[in-house]
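Chain identifiers are assigned alphabetically (A, B, ...) following the order of the sequence lines, protein sequences preceding nucleic acid strands; residue numbering begins at 1 within each chain.
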Amino acid sequence: MAAAGTESLRWNLAEEVGVSGWSGSGSEEFHVLAVDDSIVDRKLIERLLKSSSFKVTAVDSGTRALQYLGLDGEKSTSAVGFNQESKAFKEIPVVIMSSENVLTRIHSCLEEGAEDFLMKPVKKSDVTKLKDFMVKGDQAEKGKRSSIKRKMDDDILKLTMPPTAIASSSSEVEDQSSSASHSPSSSSSSPCSSPCKRTRLQ
Amino acid sequence: MPLHHYRPPPNHGGITSTQQQQVTHQPPAMDVLSQSRRQLADYTNSLHRDGFLDDQFSQLQQLQDESSPDFVMEVVSLFFEDCQKLVTNMARALSELQAVDFKQVDSSVHQLKGSSSSVGAARIKNLCVAFKTCCDSQNRDGCMRCLQEVNRECVLLKNKLQTLFRLEQQIISAGGSIPM
């Protein structure tokens, strides 16, 4: 799961293909890639996630996130061995964290596929909700259509199937989306990138 | 009673001398521990009451445990380092003899607002709101005043939190644990 003050990508361990050492069945540990340019927020989200038994990798920019995932177009080895064609990307849910309480922006993030939108400062209860969502998503049958509902007035998320790609936007993500020709960190929430309708991690 | 007025009782809690032999009182260590706990509670309450800290700080405290026993201190240290950096950037931008780059100042204010909000530094966060307004109206003098206030509040909060951590340390030294 991704928690992004700026952006983060999460992948469900159970859905990963070809990554050694990570068993899908039985393991409840999710790995979150957290992206935030604020060192304070990085420290906080890392602790929040770890205390909810997530494994965490925290990076300070969208660029580094792409590098970590091996999606930066370089031939360099990434930490996790994804490639552009990997279907696993489409499964990565993304959650946005932002301090900006602008409804239109929140709405467009969700429209473009963000799984959830967390208002900063992020609290323990936000992460607990996310954890529940991830666990449920893990248990749900594959093949069902996902239906994600979100109430605008609070952060309640109702999910009925395995996580789909979630985009969490931030100014970092927007930069990435507009500059990369096919950026896997889809979802850009800002108006400037709305012409290209977000496609999930393609 | 407020702990800084606490004085140990002159004798064994006012018990008459004929009874003293039969008295069992709490060992001194326990007195120190409960005294320290009281001090910490009072001090923490006063910081909240005076608006230095808000609920987010309590959130940080709740995240501290055996696996991460210095979490609050670590985050707070990062925050003050970040503050320092941002204040320096803003001071430099505002002291430009030619045109002030208010966008840059605004960006720093935004970052400061975010991090102060994340650690529960309520007064600083609130200052950033006024600060942003000055940036938006390109008011250099207003910005300078805001910056001075921010600087002052950072120093103040840093001292307050150092006191808080010291009180926590007292509890730990007396055999207690944080959180209580």
Practice problem: Could I get the full list of side chain to side chain contact (heavy atoms under 4.5 Å, CB included) partners for A/Lys43, not counting sequence neighbours? | Solution: B/Phe71, B/Glu74, B/Val75, B/Leu78
Self-check item: Distance, nearest 0.5 Å, that separates OG of B/Ser118 from CD1 of A/Ile39
Solution: 12.5 Å
Quiz item: Under a 4.5 Å heavy-atom cutoff, which of A/Ser99, A/Pro121, A/Ser51, A/Ser38 has the most pairs with chain B?
Solution: A/Pro121
Quiz item: Should we say atom NE2 of B/His110 is surrounded by more than 12 heavy atoms from elsewhere, each under 6.0 Å from it?
Solution: no
Quiz item: Does the side chain to side chain contact (heavy atoms under 4.5 Å, CB included) test come out yes or no for B/Val119 and A/Leu44, once each step is laid out?
Solution: CA-CA 8 Å; B/Val119 301; A/Leu44 176 60; over 6 Å; no
Please tabulate, one pair per line, all N/O donor-acceptor pairs under 3.5 Å involving side-chain atoms of residues 151-159 of chain B, not counting sequence neighbours.
| from | atom 1 | to | atom 2 | distance (Å) |
| --- | --- | --- | --- | --- |
| B/Arg152 | NH2 | B/Glu149 | OE1 | 3.2 |
| B/Glu153 | OE2 | B/Arg123 | NH1 | 3.2 |
| B/Asn159 | ND2 | B/Val155 | O | 3.4 |

Self-check item: Stepwise side chain to side chain contact (heavy atoms under 4.5 Å, CB included) check, A/Lys50 with B/Leu63
Solution: CA-CA 10 Å; A/Lys50 279 183 174 166; B/Leu63 286 170; over 6 Å; no
Exercise. Enter the distance from B/Leu60:CG to A/Lys123:NZ here, rounded to the nearest 0.5 Å.
Key: 10.0 Å
Quiz item: side chain to side chain contact (heavy atoms under 4.5 Å, CB included) between A/Lys124 and B/Gln59: does it pass, once the steps are laid out?
Solution: CA-CA 7 Å; A/Lys124 176 89 182 188; B/Gln59 288 278 326; 3.9 Å; yes
Quiz item: Just wondering, do B/Glu81 and A/Val40 contact through their side chains at under 4.5 Å, heavy atoms?
Solution: no
